[in-house]
Amino acid sequence: MSPHHKWVVTAGMDGKVHIRSVGAMDRSVDVSPHDYRFGGVAQVAISRDGQALLTTGFDGVLASFGWNYTATGSSKAKSAVEAARAHHASHLAEQQMEDGVVGETPEWSLALSIPRVNASPSKEETEELEKKTSDEVVFTTPTPTPGAESTWLETKELFAIREEDKQYAEVKKVLRTEIRDMRKNLQTMMEDNQTVQDIEKLGQHEFDLDIDEQTRLQAMAEQEVARIREEIEFEDLAKMYVTEMIKQECWDNMLVKGRSLVAFGTSLEVANYPMRERSPEEMEALQIATVRREVEMEELTKRRSLTEISQKPSGTEEEMNETDDVEGEGHENPATSGSLGCKYGGINPLFYSQFELHTREQKLIQITLLEDAIYKIKQMFNKEFDEVYKKKMQEINRINDRAKRIRKIIEDLHLEDKINDRDMTILEKPERLLTVDDSEVKVEKYYTPEQKKKLEEEEKKEAERLAREKGDNVRERALDHMMGGVLEIRKEDELKKRHPGSPFYEHKTRV
């Protein structure tokens, strides 16, 4: 409660301080001066005039707050100042009387109470003081002595304590020595901690020797790590699910996977057509459209034959043949069919002419037939694309074989030139995007204790296998004995061999 009894201040273990007015308890001014992880607020105090708020916390922090008044708040704060002035005025008479009494007492002098000492200590005293305060000194607690008015029981207790000190003197000395060394190490660590970067600095509570507190903080840290790890695992699981759905929708369900061909030495690029397998509904719609169109064409053919029979032709046979040729040419002409698909595998004799599309039913059938033609054109293009793709693979393999041969020649000539192998790009082999190599991961991989144990067992088995093979490697010994250490005889090795000359040639040379 404030001194003028109009403000109420509350605080708790959450580290927050709430200030409320007695007339309006539903509204508050909140501040957070202390850390909840160390116990929150310990004590709260308000100055006599209500202008300052002081708080202390279990984290070792002392905080002071002042008011930042608004136009209406300054008038409310006057009541606290006036109450402080009234309180001071009420005690002013008593204060003046006490000041008079104190003023009449004789002045106390330090020189009268203790003997005068030199202003500057001697060299021996300084060395003694440094020796006592050095880190090598083991501080001991003096054994209490009984006073002049001690009772018999107190004297016995002090005597028992003295006997106990004598009995455990060595143990206490060892413990004090360990405490001294521990204190020295902690001081060194705290000094080193002040010199490191801010991101590497440890908090003050990290140097606390309270085992229970350290255990509690460590348990809290482990719980936080477990919570964060669980959140990350759930996030990874959600991402894996989305990845699997995208992969299944855009890769696994594709009849023809999308890929490209990149030309050698240029930026030219040709992509194929990614295609899905046609659904049963699409096949059923195509079959219905095909049957209807065949029935319609058969009906039209019958009607034309009946009409030609009922009407006598008025021209010669040559004129009729010319008319049929013109109709046939007009049916295949792109100007009337409206497409060049017949040149690329998309021909279909069931197509309507552009001049025959009148009803909605005809347009729907034409759309279905055109979709089927487009699908066939894509199939034809993808077939040619696959042939070119295989040819490029063969060329790359041939280039790599020659590069291998060139590298061998460079090695024999002791040159420093480098010849690299050619490989398909990521556009030509998009399936590489679906796998992640260990070389692509730049961070250290996290292993659970079970995974670490399994890896150690595998490494141990591999080391044992290598040791067994190294001890008695029958394969290497057989190669060295029978074939000179190689499985295949190379031409260059045969050329390096020195063959003995012919006797006839040597005789001819001597002659």
Side-chain angles (χ1 to χ4, degrees), residues 13 15 34-43 56-62 110-226 449 452-453 456:
M13 297 177 64
H34 304 288
D35 195 344
Y36 71 92
R37 293 176 294 181
F38 299 102
V41 183
Q43 295 290 337
T56 59
F58 292 102
D59 54 359
V61 177
L62 172 64
L110 180 63
L112 299 176
S113 59
I114 59 175
R116 184 176 180 84
V117 296
N118 295 329
S120 58
S122 62
K123 184 178 180 181
E124 293 78 6
E125 294 176 350
T126 304
E127 293 178 354
E128 185 69 18
L129 181 62
E130 291 179 354
K131 184 179 179 181
K132 289 183 179 180
T133 56
S134 62
D135 293 337
E136 301 300 330
V137 176
V138 178
F139 295 96
T140 58
T141 303
T143 305
T145 56
E149 299 179 356
S150 299
T151 62
W152 179 84
L153 182 61
E154 292 175 350
T155 304
K156 291 297 182 181
E157 288 179 355
L158 294 176
F159 180 77
I161 293 174
R162 187 178 302 174
E163 293 295 328
E164 184 180 358
D165 288 342
K166 292 180 180 180
Q167 182 181 358
Y168 298 102
E170 293 298 328
V171 178
K172 289 183 178 182
K173 185 177 180 181
V174 173
L175 292 176
R176 291 191 180 102
T177 305
E178 293 179 355
I179 293 173
R180 180 204 61 189
D181 297 339
M182 191 181 300
R183 182 182 70 251
K184 187 176 180 180
N185 292 335
L186 281 176
Q187 290 175 352
T188 304
M189 293 168 61
M190 293 176 70
E191 291 175 358
D192 295 340
N193 186 53
Q194 297 298 326
T195 60
V196 299
Q197 299 179 2
D198 293 340
I199 194 172
E200 298 178 359
K201 281 187 178 180
L202 299 176
Q204 192 70 22
H205 64 280
E206 296 288 344
F207 299 97
D208 191 3
L209 297 181
D210 189 352
I211 304 300
D212 296 337
E213 182 68 14
Q214 288 285 359
T215 305
R216 186 182 68 83
L217 293 177
Q218 186 176 1
M220 290 176 59
E222 291 177 355
Q223 291 177 1
E224 186 69 14
V225 169
K452 290 181 179 179
K453 185 176 180 181
E456 291 176 357

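We count residues from 1, following the sequence as given.
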Which atom names give the shortest non-hydrogen contact between Val41 and His34, and what distance separates them?
-> CG2-CD2, 3.7 Å

Which residues pass the salt bridge (charged side-chain N to carboxylate O under 4.0 Å, His left out) test with Lys453, sequence neighbours left out?
-> none

Val225: what forms a side-chain contact (heavy atoms from CB on, under 4.5 Å) with it, not counting sequence neighbours?
-> Arg229

Roughly how far, to the nearest 0.5 Å, is the OG1 atom of Thr188 from the CG atom of Asn193?
-> 12.5 Å

CZ of Arg176 to CZ of Arg183: how many Å apart, nearest 0.5 Å?
-> 12.0 Å

With a 4.5 Å heavy-atom cut-off, do Arg162 and Lys166 have their side chains touching?
-> yes

Which residues share a salt bridge (charged side-chain N to carboxylate O under 4.0 Å, His left out) with Asp198, sequence neighbours left out | Lys201

side-chain contact (heavy atoms from CB on, under 4.5 Å) partners for Thr151, two or more places apart = Leu153, Glu154

Quick one: closest heavy-atom pair of Phe38 and Phe58, and the distance?
-> O-CB, 3.0 Å

Gln167: what forms a side-chain contact (heavy atoms from CB on, under 4.5 Å) with it, not counting sequence neighbours?
-> none

Shortest non-hydrogen contact between Leu62 and Thr56, atoms and distance = CD1-CG2, 3.4 Å

Minimum heavy-atom separation for Arg216 to Arg37, with atom names?
-> NH2-O, 3.3 Å

With sequence neighbours excluded, what pairs up with Glu164 under the side-chain contact (heavy atoms from CB on, under 4.5 Å) test?
-> Tyr168

